[in-house]
Amino acid sequence: MRIAIGSDHAGLALKQELVRWLGEAGYECQDFGTHSTASCDYPDFARAVGEAVASGEFERGILVCGTGIGVSITANKVPGVRAAVCLDTFSARMSREHNDANVLCLGSRVVGVGLAQDLADIWLRTPFSGDERHSRRIRKIAEVEQAACAR
Ligand code: RB5
């Protein structure tokens, strides 16, 4: 599975840990930055990862900022992206089973490395349930996007 990953300065250290761990677990990761601890703007990296996933080049994306909130707000503006902030394992699983989330957002100031690895592991391995009611709701999300894009 190809994963696009990105962070701002606040998420850099956790992202680097995840890149190393994901590589060992056999995932193919491309890091869209940031690559330094210098203060930067999370929308730049959330947009790049969101567009990489929406284009179909990458199956999933992972974004890290201080809280996970800024990157999720940004990534969800990219049509086709369903980004979920997950700070607990139940949410990580449900975001896949019910929402077919394609971008995982983590908060480096909220979760430690161990929990972040568990969250990523569960999120990457859990399939979408495929239930019609969940598919219908996801189609409705896409309709909201289409209506916004047409305005
Ligand atoms: C950076 O200080 C911080 O605002 C950012 O990482 C993120 O938490 C925003 O949502």
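Just so you know, residue 1 is the first one in the sequence shown, and it goes up from there. Each ligand, and each atom within it, is numbered from 1 in the order the structure gives. This one's a predicted model, so the numbers in the text were calculated from it and none came from an experiment.
- Hydrophobic cluster membership for Leu115: Met1, Ile3, Ile5, Leu14, Leu18, Val19, Trp21, Leu22, Tyr27, Ile62, Val64, Val85, Leu87, Leu104, Leu106, Val110, Val111, Val113, Leu119, Trp123, Leu124 (Ile, Leu, Val, Met, Phe, Trp, Tyr linked by side-chain heavy atoms under 4.5 Å, directly or transitively).
- Contacts of ligand 1 (protein heavy-atom distance under 4.0 Å) are Asp8, His9, Ala10, Tyr42, Cys65, Gly66, Thr67, Gly70, Arg109.
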Could you give the side-chain donor-acceptor pairs of residues 141-149 under 3.5 Å, partners two or more places apart or in another chain?
from, atom 1, to, atom 2, distance (Å)
Glu145, OE1, Gly80, N, 3.1
Glu145, OE2, Gly80, N, 3.0

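- As a member of the Ile/Leu/Val/Met/Phe/Trp/Tyr network built from side-chain separations under 4.5 Å, Tyr42 groups with Phe32, Val49, Val53, Phe58, Leu63, Val71, Val78, Val81, Val103.
- Here the CD1-OG1 distance, from Ile73 to Thr67, works out to 8.0 Å after rounding to the nearest 0.5 Å.
- In this structure, Arg137 does not pair ionically with Glu132, as no charged nitrogen and carboxylate oxygen lie closer than 4.0 Å.
- For the pair Glu59 and Arg2, the salt-bridge criterion is not met [side-chain N within less than 4.0 Å of a carboxylate O].
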